[in-house]
Protein chains: 2
Amino acid sequence: MVDLIAFDADDTLWHTEHLYSDAEARFGQLLAPYGITGQIEDQLFGVESANLRFFGFGIKSFALSMIETAIKLTDGRINGQDVQHVIDLAKGMLSAEVDLLDHAEQTITELAREFPLMIITKGDLLDQESKIERSGLGQHFKQIEIVSDKNSASYAALLARHNLRPEGFVMVGNSLRSDVLPVLAIGGQAVHVPYRLTWAHERVSPEELAGARYAEIENLGALPELIRKMTKDRFT
Amino acid sequence: MVDLIAFDADDTLWHTEHLYSDAEARFGQLLAPYGITGQIEDQLFGVESANLRFFGFGIKSFALSMIETAIKLTDGRINGQDVQHVIDLAKGMLSAEVDLLDHAEQTITELAREFPLMIITKGDLLDQESKIERSGLGQHFKQIEIVSDKNSASYAALLARHNLRPEGFVMVGNSLRSDVLPVLAIGGQAVHVPYRLTWAHERVSPEELAGARYAEIENLGALPELIRKMTKDRFT
């Protein structure tokens, strides 16, 4: 019942969201001298959402949207040095140390002995490749898939490309929107490992979750035992 | 002798370089009121090169490097509206119409009947996927590979992943640095289709080319006949 286990990477195998929230905090400090205080987060989210169709996901997109938000909020008064600070924030994020989540290394090492493992992640190509390499976990994964978006269509295409049956495919990740719901929609299995922070874009409403059947575990340490159960009974 | 034919995309299947050179011209116009005239291209190239390890290739990277160059050249005097113009230039590039090169459609359609075809391109994931879709050529390609860089190691990994023999692999592209030399280095075959513009990063010295054995054609219209010859005699 389990042919292959796929993992999301950011905030599933290693911490990422703090990089964004720390950068947003620094961004708020940069804007304070311009008299900009409230609603920065909402404005930034609005710009990011509008820019998704151009820039997609990832840190470069985030940087361009921060710059655009700063220009908007300051009515163009943002100065060059502060724009450079935003670019430097992005470079800092891209070169930040890869900080594995608790249990990630042990669980991946253990499961890799029994199952083919895959990473499916979105964001900037170079950034994701670099983090996979620096994580030291890369050798445990048979395939690495960096995709521009995670939805039912992209999962279906990916499974077809690798000749995988949905019913034997298990996706493990922290995002209900990206790792769980679209996989269930194509007949796959999903394990949700909530992370302490969730980007607004990844949030789902209770209505969207109604009837969704997936497993939820507190941390990756609980995954090997869950997978052993899933190999016996189809998890439903 | 030909198991699979892989194509670069930008400036091989569709025009791209003019988007960059047009944006650079607009960028020069933006900087003129600040009294910045000469050496813009050199400065931008320097910033782009230094930023490659953070941002990789593609339009988002180009936009961030243009902004950084503008800040440097104006000593931070660039105003918010002009920074926004640079971001808008990038959005324009990302949504520009896909303009196929002469012979691309006919040649790809013809070769797809006889050989498995692949696209191997670098740049931003979403941008490349979107262009492949909008080109109308996507259905002729068995595989699409969007990579963060094209070098011997990335070609070797890609061939291994697809169980391809280097000697049966033919790469077709406009860049000697990215499409020809690294493929020859791992024992593959390469066809160079020069484009009228070459980004400084892709240029190679005569020394690097010494002894390199590859085919060169004037345009994609000449490819089917060349491939027919290559299927008989190994091209050397």
Side-chain angles (χ1 to χ4, degrees), chain A residues 34 47 50-88 90-95 121-130 133 142-149 154 157 161-162, chain B residues 34 47 50-88 90-95 121-130 133 142-149 154 157 161-162:
Chain A
Y34 297 90
V47 172
N51 283 345
L52 266 186
R53 74 186 179 98
F54 297 106
F55 298 143
F57 295 95
I59 291 171
K60 288 185 284 185
S61 172
F62 179 61
L64 288 163
S65 290
M66 274 198 290
I67 295 170
E68 190 167 332
T69 303
I71 295 166
K72 254 189 196 158
L73 287 174
T74 64
D75 284 319
R77 289 177 296 126
I78 179 107
N79 69 45
Q81 279 75 20
D82 287 335
V83 174
Q84 185 62 48
H85 282 146
V86 175
I87 297 177
D88 293 340
K91 291 183 186 174
M93 293 172 75
L94 289 163
S95 43
T121 183
K122 64 182 195 244
D124 291 320
L125 205 49
L126 180 64
D127 179 38
Q128 296 294 3
E129 287 179 0
S130 161
E133 193 182 321
K142 218 181 132 200
Q143 272 114 10
I144 309 282
E145 287 281 348
I146 301 166
V147 295
S148 61
D149 200 3
S154 63
R161 198 156 66 240
H162 293 284
Chain B
Y34 296 91
V47 172
N51 283 345
L52 265 185
R53 71 185 180 99
F54 295 108
F55 298 143
F57 295 95
I59 291 171
K60 289 184 285 185
S61 172
F62 179 62
L64 288 164
S65 291
M66 275 198 289
I67 295 170
E68 190 166 331
T69 303
I71 295 167
K72 254 189 196 155
L73 287 173
T74 65
D75 285 320
R77 286 177 298 126
I78 179 108
N79 68 43
Q81 279 74 19
D82 287 336
V83 174
Q84 185 62 47
H85 282 147
V86 175
I87 297 177
D88 292 340
K91 290 183 187 175
M93 294 171 75
L94 288 164
S95 44
T121 182
K122 65 183 195 245
D124 291 319
L125 205 49
L126 179 64
D127 180 38
Q128 296 295 1
E129 286 179 0
S130 160
E133 193 183 320
K142 217 182 132 199
Q143 272 114 11
I144 310 281
E145 287 280 349
I146 301 166
V147 295
S148 60
D149 201 3
S154 63
R161 200 156 65 239
H162 292 285

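Letters A, B, ... mirror the listed sequences (proteins, then strands); counts begin at 1.
Proximity to chain B is absent for every atom of A:Ile144, based on heavy atoms less than 4.5 angstrom apart. Using a 4.5 Å cut-off between heavy atoms, A:Arg161 does not touch chain B at all. For A:Val86, no part lies under 4.5 angstrom from a heavy atom of chain B. Contacts between A:Ile59 and chain B at a heavy-atom distance below 4.5 Å are absent for every atom of the residue.
Between the CD1 atom of B:Ile87 and the CD atom of A:Glu68 there is a distance of 5.0 Å, given to the nearest 0.5 Å. Residue A:Ile146 holds its CD1 atom at 10.5 Å from CD1 of B:Ile146, rounded to the nearest 0.5 Å.
In this structure, A:Phe55 has no ring-ring contact (aromatic ring centres under 6.0 Å, His included) partners at least two apart in sequence or on a different chain.
Side-chain contact check for A:Lys91 versus B:Asn51: some heavy-atom pair is nearer than 4.5 Å.
Taking chain B as the reference chain and counting heavy-atom pairs below 4.5 Å, the highest number among A:Arg77, A:Lys60, A:Gln81 is found for A:Lys60.
Contact residues of residues 123-130 of chain B toward chain A are B:Gly123, B:Asp124, B:Leu125, B:Leu126, B:Glu129 (heavy-atom distance under 4.5 Å).
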